[in-house]
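This report concerns only the one structure given below.
Residues take their numbers from the sequence shown, with the count starting at 1. Computed from a predicted model, the values in this text were never measured in an experiment.
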Amino acid sequence: MHPEKAPSRTRTRSLSLREVLELPVLSEGLPRVLAGGNRLDRAVRWVHVTELLNPADFLEGGELLLTTGMPYPEDASRLSGYVDQLADVGAAGLVVELGYRYRRVPAELVAACQARELPLIELARGVRFIDVTQSVHALILDAQGELLRRGRQIQEVFTALTLRRADAEEVIRTTAELTGAPVVLEDLTHRVLMCELLGRPYEPVVSAWSRRSRATPTPDRVAPSGPEGWLVASVSDHGGPWGRLLLLPQSADSDADPEHRIVLEQAAVALTVARLTGPAAWERRAHRSVLRDLRAGRFRSPADARARAEALGLPAHSHRLFAVAIRHPDPTAADDKLDERIATELAHSGVRALVGRIGPGLIAAVLALARASAWQPVAERIGRLARDEIGPGSVVAIGPGVTDLGSLAHSFREAEQTAEAVDPATTDRWFHVPADIGLPELLRLLREDARLQRFAERHLSRIVDHDDRNGGDLLPTLRAYLAAAGNKSLAAKEAGVSRQALYQRLRSIERLLGCDLESGEQRTGLHVAVMVLDCG
């Protein structure tokens with residue numbers, strides 16, 4: 001079953017105490033909440049009618065107790081012990097019907113329930129408790145039956161994803177769509193590798209992630225955990241626990257929907273199978289995703305960009321940030337090995353960075369350095385790695401350092417243009433910066449611009465045609481003359497001809513092009529045209 005074709009939901013979650021109080025069979029008793037009003041969303045697993053002073057011995061948690069107050073002790077102060085028993089076992093709430101024992105609920109009972117946040121409800125009118133239990137139990141059993149059916153459907157959804165080897169992003173997206181809540185995949189170091197927030201901004205969801213995640217223990221089975229009530233499932237691989245899949249509820253006070261537990265459990269199984277059955281470079285993919293967004297400036301706000309980058313382990317505060325572009329001479333070649341090797345090398349040397357392949361023949365990185373002056377040795381290390389892995393055809397370029405993530409898009413543009421402009425065949429440097437770009441590099445960068453090509457064609461076409469028809473060498477002569485900055489003796493030596501022969505060729509060039517080679521402006525124009533021609 002495809003995730004998009006999962007059947008629509010009916011009731012599968014447990015009844016909340018709020019919903020029970022709204023049932024006609026109880027609303028006839030004019031229920032009034034005296035304590036624990038902030039806990040009415042807790043689930044009611046069962047309903048018990050009891051007049052015992054020690055009912056906790058017979059409870060398992062989640063029960064709603066109905067009582068007339070008949071067994072309550074004469075000493076009202078002892079009511080706090082009764083409430084402690086119910087709160088400790090996890091009872092859903094206590095309903096007291098007035099008229100038999102009390103005309104009003106004792107203040108001591110109200111105070112005890114308030115202290116333990118145990119919902120306490122009084123019924124001003126009498127109701128048939130048997131009708132209440134039958135109505136609530138019927139709804140609970142119906143929900144449990146529906147939950148079993150839905151559980152089978154959910155299992156089919158994730159089994160289908162596993163069989164067609166769906167990527168982790170699709171598994172996480174399906175999990176979020178089925179639950180309607182944000183879902184986060186993290187590794188054991190509490191870095192957010194992937195998340196699906198269903199259109200929510202990153203900042204409120206993943207900000208201060210490491211601290212919040214470390215405060216959330218991993219339970220033995222899928223269950224809410226930590227101060228925020230996250231639903232937690234463990235993801236494993238061949239080496240044992242690898243990370244966690246977390247579902248973030250809207251409120252920490254609400255009980256986890258049992259269907260959500262099933263969804264998260266099946267999703268965690270699918271992710272574990274993916275790690276066991278093949279390579280799962282999830283960290284690299286996470287880096288690539290964030291790098292692409294930073295490079296394109298796609299985050300909706302600076303706070304969003306900072307939250308996402310920091311959740312992945314890149315410190316964005318009090319650090320100098322540098323964009324790095326690494327060009328591969330063959331865009332069709334696989335460069336994942338270099339991608340991983342650079343990331344590993346930087347991590348081992350203590351450099352916090354994001355590294356990932358973001359396009360054919362292009363690897364990008366963001367370095368976060370506490371000392372801005374430390375960028376040069378790091379850049380050289382990356383250049384050496386690229387040279388070792390790819391060969392002399394690689395080019396590493398570093399953009400200007402910035403202090404905020406919003407400026408990284410500009411730094412990336414500078415780095416990529418520098419990497420594209422440098423001719424790897426003419427350099428032996430480990431890395432380059434934008435200041436290295438001179439006229440030859442600029443023209444190489446713009447060589448595909450039709451306007452520049454037309455410029456070269458207008459200035460040189462006549463001597464190019466002349467050389468083609470006559471087997472001449474006017475263009476090489478012009479090139480030597482321009483390279484010598486107009487020094488005819490040096491140009492003649494470079495061209496391997498006599499001065500008289502050089503003079504004759506220069507006059508032929510001036511006649512064909514209708515130019516004056518003694519003019520600095522015209523000579524500059526011809527020099528640019530020759531360089532454009534050579535770039536092509």
Side-chain angles (χ1 to χ4, degrees), residues 189 191 210 283-284 287-288 290-297 299 302-303 305-328 338-358 362-390 392 394-424 426-438 441-442 445:
T189 62
R191 293 178 300 176
S210 180
E283 181 180 354
R284 294 276 64 75
H287 282 211
R288 292 168 193 166
V290 175
L291 283 167
R292 289 189 181 108
D293 288 342
L294 289 172
R295 174 175 174 250
F299 286 98
R306 178 175 173 178
R308 183 67 184 97
E310 290 183 342
L312 192 51
L314 184 78
H317 181 66
S318 300
H319 282 69
R320 195 78 170 173
L321 305 172
F322 294 85
V324 183
I326 303 149
R327 280 283 177 189
H328 195 297
L338 176 61
D339 178 324
E340 183 66 38
R341 188 175 172 191
I342 290 174
T344 302
E345 178 70 17
L346 292 177
H348 287 169
S349 60
V351 177
R352 307 285 286 277
L354 302 180
V355 183
R357 177 173 48 82
I358 59 173
L362 178 61
I363 295 173
V366 174
L367 311 176
L369 303 174
R371 292 187 303 108
S373 60
W375 71 269
Q376 294 191 51
V378 177
E380 181 176 334
R381 188 178 303 125
I382 294 174
R384 289 180 181 274
L385 283 171
R387 193 75 58 85
D388 291 344
E389 197 69 43
I390 298 175
S394 64
V395 176
V396 175
I398 313 295
V402 298
T403 56
D404 64 280
L405 291 168
S407 301
L408 270 176
H410 170 72
S411 185
F412 267 121
R413 284 194 297 272
E414 292 279 295
E416 289 179 47
Q417 289 176 2
T418 301
E420 186 178 351
V422 172
D423 183 356
T426 62
T427 180
D428 59 357
R429 297 180 57 180
W430 297 117
F431 64 89
H432 295 268
V433 296
D436 296 334
I437 302 303
E441 290 79 19
L442 178 62
L445 183 64

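Looking only at distances, a side-chain donor or acceptor of R320 sits under 3.5 Å from a matching main-chain atom of G401. A donor-acceptor pair is defined here as one N or O able to donate and one able to accept, closer than 3.5 Å; such a pair exists between the side chain of R352 and the backbone of G313. Looking at S349, its side chain does come within 3.5 Å of a backbone N or O of L346 through a donor-acceptor pair. Distance alone, capped at 3.5 Å, places no donor-acceptor pair between the D293 side chain and the F299 backbone. The main-chain N or O of H317 is found under 3.5 Å from a side-chain atom of H319 such that the two form a donor-acceptor pair. A side-chain donor-acceptor contact under 3.5 Å links H287 to the backbone of V355.
Between E380 and R384 there is a salt bridge, since at least one side-chain N of the basic residue sits less than 4.0 Å from a carboxylate O of the acidic one. Between R357 and D339 there is no salt bridge, since no side-chain nitrogen of the basic residue lies less than 4.0 Å from a carboxylate oxygen of the acidic one.
To the nearest 0.5 angstrom, I358 atom CD1 is 10.5 Å from R288 atom CZ. Taking CG of L362 as the start and CD of E416 as the end, the distance is 5.0 Å to the nearest 0.5 Å. Note: L294 CG to S407 OG = 11.5 Å, rounded to the nearest 0.5 Å. Between E389 atom CD and H328 atom NE2 the span is 8.5 Å, to the nearest 0.5 Å. Distance check: L321 CG to L408 CG gives 5.0 Å after rounding to the nearest 0.5 Å. The structure places CZ of R308 at 12.0 Å from CG of L405, a figure rounded to the nearest 0.5 Å.
The two residues G297 and A409 come nearest to each other via the heavy atoms N-CB, 4.4 Å. Pairing each heavy atom of A419 with each of A397, the nearest pair is N-CB, 3.6 Å. Across R429 and R387, no two heavy atoms sit closer than the pair O-NH2, 2.9 Å. Taking every heavy atom of both residues into account, A368 and L314 meet most closely at CB-CD1, 3.6 Å. When all heavy atoms of S411 and P400 are compared, the closest pair comes out as OG-O, 2.8 Å. Between L291 and G356, the closest heavy-atom pair is CD1-N, 3.3 Å.
Considering I326, V324, V396 in turn, I326 is the only one that fulfils the side-chain contact (heavy atoms from CB on, under 4.5 Å) rule with I342.
Relative ring orientation between W375 and F322 is described as parallel, the plane-to-plane angle staying below 30° on a 0-90° scale split at 30° and 60°.
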Checklist entry - What's the verdict on side chain to side chain contact (heavy atoms under 4.5 Å, CB included) for L367 and I382, showing C-alpha distance, side-chain angles and the deciding distance? => result CA-CA 11 Å; L367 311 176; I382 294 174; 4.3 Å; yes

Checklist entry - Are D404 and R306 close enough, and set up right, to give a salt bridge (charged side-chain N to carboxylate O under 4.0 Å, His left out), and what steps lead you there? => result CA-CA 9 Å; D404 64 280; R306 178 175 173 178; over 6 Å; no

